[in-house]
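Input: a single structure, listed below in structure tokens.
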Amino acid sequence: MAENFRAPRGTQDFVPPESGRLNELEARIHVLAARFGYREIRTPVFESTELFVRGVGAQTDIVEKEMYTFADRSGRSLTLRPEWTAPVVRAALEHHLFALGPLRLYYIGPIFRYERPQKGRYRQSHQFGVECFGFPGPEADLEVISLAWELVRGYGIDDAVLNLNSIGDERCRPAYRDALIAHFSPHLAEMSEESRLRIERNPLRLLDSKDPVDVPYVQSAPALESFLCAPCREHFDALKSYLDLAGIPFTINPRIVRGLDYYGRTVFEITSSVLGAQSSVCGGGRYDGLVQSLGGPDVPAVGFALGMERFLMMLQARDSQAQAPRRGLQAIALGAQARTVLAPIVAELRRTLEAPTFADYLERKLLAQLKIADGNRARYALILGSDELAAGEAVLRDLEHRSDRRVPLGSIRVLVELLVEAGL
RNA sequence: GUGACUGUAGCUCAGUUGGUUAGAGCGUCGGUCUGUGGAUCCGAAGGUCGCGAGUUCGAUUCUCGUCAGUCACCCCA
């Protein structure tokens with residue numbers, strides 16, 4: 001199949017019925033976020049490149065090799081949004097939203113990362129996320145985690161796991177870094193090449209190594225938890241008991257480190273086994289220093305980002321073939337004359353009914369049209385042929401109970417009332 | 001960015017030790033059934049065998065390149 005054009009590598013089209021599932025997910029997200037008192041923010045799909053370099057961190061993979069960066073016609077360096085947090089903070093600063101006190105925002109839309117695509121990883125993907133600004137305490141951490149967990153729970157997904165960790169703050173993390181370096185340095189010669197590189201760039205990442213060679217050294221490494229300073233420990237302990245009280249199960253996972261520079265204290269991840277190597281569907285944490293580092297006031301913040309494609313994959317793994325309930329009506333005209341009579345009725349039904357009205361305008365037999373009605377999962381069929389035309393009536397067939405009844409065609413209004421009464 | 005595997009009809013896949021007209025199931029369309037539905041049976045349409053080059057008398061088959069997909073690494077949503 002030599003199509004001339006294809007979607008660019010790593011991008012995908014959402015066609016029915018997948019587009020419908022995405023739509024439904026978005027609708028639920030809007031309702032859920034509103035229930036938690038969050039309001040939506042939309043920002044441009046591209047921003048100044050410098051915003052991401054400063055916001056995400058110059059040493060991160062995102063900035064070093066994954067950004068879609070281009071120069072516009074006047075030579076400005078712009079970048080397609082690789083993540084939402086920095087733009088949200090930028091916009092909040094630009095519109096002085098922090099002056100109003102604590103701020104709760106959510107976003108939903110595409111991000112772009114130049115990566116090698118594979119299952120659950122795309123160059124354009126869609127994220128839903130929330131940012132909660134202005135609360136330094138663990139209540140805010142609980143709030144955003146609950147919100148994410150509600151979404152998962154609301155869909156009845158049972159194999160999702162909440163992983164939790166604290167990576168300390170700028171007071172205690174340096175000491176832990178030093179301790180890690182001190183622990184690993186004597187053994188570097190026997191460890192993986194990967195780890196030798198990591199110790200320079202991000203010693204915390206050593207803990208993440210899956211290389212069997214490294215395992216003994218990782219296991220004997222000092223635990224971060226024992227290095228937490230008193231305030232960080234207190235924060236972490238409080239969050240854990242809050243989660244217990246809220247009935248949200250979690251696993252302490254010291255290997256969750258987060259790749260973006262701005263995280264501190266709480267970090268968490270929701271994972272699912274159905275996603276394969278990209279098991280993380282939602283990741284977030286606290287980033288108290290970010291607003292200030294982007295030139296704003298000292299505003300604490302916590303939030304998460306959730307991958308919508310991956311979320312949909314979880315849903316599909318769960319209920320692959322649940323049949324949609326029947327809904328709406330299929331208008332069936334047999335012959336040209338019946339079509340002319342039915343066309344204005346279809347128009348009126350579409351103005352009036354909330355359920356969908358389906359219609360096919362080809363010259364087809366009744367059998368074929370009923371098959372189409374089935375495909376559309378219509379609840380009723382309104383059949384108009386020469387017999388009915390002569391009698392000034394139509395046949396209203398209940399496709400679920402397989403029963404017919406005749407309805408008068410004279411008044412469209414009466415017909416509509418009948419249909420509404422019938423549950424449309 | 002690295003490595004491995006894959007690429008034949010709308011979908012899932014056969015197949016050709018290189019040889020005239022490339023197959024099946026599902027789906028679509030039509031008939032069976034002048035007008036009552038996810039079934040049966042019959043039939044039809046639908047393919048530059050991802051794209052390009054090379055080897056060869058001849059390539060869908062072999063080789064190389066390229067594009068795309070899958071998986072792992074890296075990293076993340």
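A, B, ... follow the sequence lines: proteins, then strands. Residue 1 opens every chain.
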**Study point:** Integer angstrom distance from the P of C26(B) to that of G38(B)
**Key:** 15 Å

Exercise for review: Spell out yes or no: do the side chain of R116(A) and the base of G69(B) have one donor N/O and one acceptor N/O closer than 3.5 Å?
Suggested key: no

Practice item. Could you say whether E388(A) or Y114(A) is positioned toward the 5' end of RNA chain B, judged by the nucleotide with the nearest heavy atom to each? Key: Y114(A)

Practice item. Kindly say if K371(A) contacts the phosphate of G38(B), meaning a side-chain N or O under 4.0 Å from OP1 or OP2. Key: no

Practice item. Determine whether more than 12 heavy atoms belonging to other residues, nucleotides or ligands lie under 6.0 Å from atom CD of E18(A). Key: yes

**Study point:** Distance under 6.0 Å and angle within 45° of ring axis: K240(A) vs Y242(A)
**Key:** no

Practice item. Mind checking G375(A) for me? I need base, sugar-phosphate or nothing, with any heavy atom below 4.0 Å counting as a touch. Key: nothing

Review point. When rounded to the nearest Å, what value does the distance between P atoms of U32(B) and G43(B) take?
Key: 15 Å

Review point. Taking all non-hydrogen atoms of both residues, which atom of L224(A) and which atom of G168(A) are closest, and how far apart?
Key: CD2-N, 4.2 Å

Point to revise | R364(A) side chain near C29(B) phosphate (N/O to OP1/OP2, under 4.0 Å) | key: yes

Practice item. Rounded off to whole Å, could you give me the CD-to-C1' distance for the Q12(A) and A68(B) pair? Key: 14 Å

Review point. With sugar-phosphate meaning primed atoms plus P, OP1 and OP2, does A305(A) contact a base, only sugar-phosphate, or nothing at under 4.0 Å between heavy atoms?
Key: sugar-phosphate

Review point. Ignoring hydrogens and angles, are the base of U36(B) and the side chain of R402(A) linked by a donor-acceptor pair under 3.5 Å?
Key: no

Check your understanding: Does Q369(A) place a side-chain N or O at less than 4.0 Å from the phosphate oxygens OP1/OP2 of U36(B)?
Key -> no

Check your understanding: Can you find a side chain N or O atom of R9(A) that sits less than 4.0 Å from OP1 or OP2 on G69(B)?
Key -> yes

Point to revise | Residue matched to G25(B) through Watson-Crick or wobble contacts both under 3.5 angstrom | key: C11(B)

Check your understanding: Looking at G38(B), does its base get a donor-acceptor pair with the side chain of R326(A) below 3.5 Å?
Key -> yes

Check your understanding: On a whole-Å scale, what distance lies between the P atoms belonging to U12(B) and G50(B)?
Key -> 14 Å

Check your understanding: What is the pairing partner of A39(B), taking Watson-Crick or G-U wobble pairs with both distances under 3.5 Å in any strand?
Key -> none

Review point. Can you tell me how far P in G3(B) sits from the matching atom in U17(B), rounded to whole Å?
Key: 33 Å

Practice item. Answer with base, sugar-phosphate or nothing: what part of the nucleic acid does D398(A) contact at a heavy-atom distance below 4.0 Å? Key: base

Check your understanding: Heavy atoms under 4.0 Å, any strand shown: does G335(A) hit a base, just sugar-phosphate, or nothing?
Key -> nothing

Revision key, fill the gap. In whole angstroms, the gap separating P of C75(B) from CZ of R310(A) amounts to 14 Å

Practice item. Grab the CG-P distance between L382(A) and U36(B) for me, whole Å please. Key: 17 Å

Exercise for review: Kindly say whether, by distance alone, the side chain of E269(A) makes a donor-acceptor pair under 3.5 Å with the base of A77(B)?
Suggested key: no

Review point. When you measure from the side chain of R377(A), which nucleotide among G38(B), U36(B), C73(B) comes out closest?
Key: G38(B)

Check your understanding: Hey, what's the ring geometry for F304(A) with F268(A), parallel, tilted or perpendicular (30° and 60° as the breaks)?
Key -> perpendicular

Exercise for review: Using the closest heavy atom to pick a nucleotide of RNA chain B for each, name whichever of L306(A) or G385(A) lands nearer the 5' end.
Suggested key: G385(A)

Point to revise | L366(A), nearest nucleotide to its side chain (from G37(B), G35(B), A77(B)) | key: G35(B)

Review point. For G31(B), does OP1 or OP2 lie under 4.0 Å from any side-chain N or O of K365(A)?
Key: yes

Review point. So what does F128(A) hit on the nucleic acid, given a heavy-atom distance under 4.0 Å: a base, only sugar-phosphate, or nothing?
Key: nothing

Exercise for review: If G54(B) has a Watson-Crick or G-U wobble mate with both distances under 3.5 Å, name it; if not, just say none.
Suggested key: C62(B)

Check your understanding: So which nucleotide does U6(B) pair with, by the Watson-Crick or G-U wobble rule with both distances under 3.5 Å?
Key -> A68(B)

Point to revise | Partner nucleotide of G46(B) by Watson-Crick or wobble geometry (both distances under 3.5 Å) | key: none

Review point. How about F227(A) and Y176(A): are their ring centres within less than 6.0 Å of each other?
Key: yes

Revision key, fill the gap. Winner on side-chain proximity to Q118(A), out of A77(B), A72(B), U36(B), is A72(B)

Point to revise | Cationic tip of R123(A) above Y114(A) ring, under 6.0 Å, 45° of axis | key: yes

Practice item. Give a yes or no on whether R153(A) atom CZ has more than 12 heavy-atom contacts from other residues, nucleotides or ligands under 6.0 Å away. Key: no

Exercise for review: Both distances under 3.5 Å, Watson-Crick or G-U wobble: report the partner of U32(B), or none.
Suggested key: none

Review point. Does the ring center of F133(A) lie less than 6.0 Å from the ring center of F98(A)?
Key: yes

Check your understanding: Paired with U17(B) by Watson-Crick or G-U wobble geometry, both distances under 3.5 Å: which nucleotide is it?
Key -> none

**Study point:** Polar side-chain contact Q330(A)-G37(B) base: donor and acceptor under 3.5 Å
**Key:** no

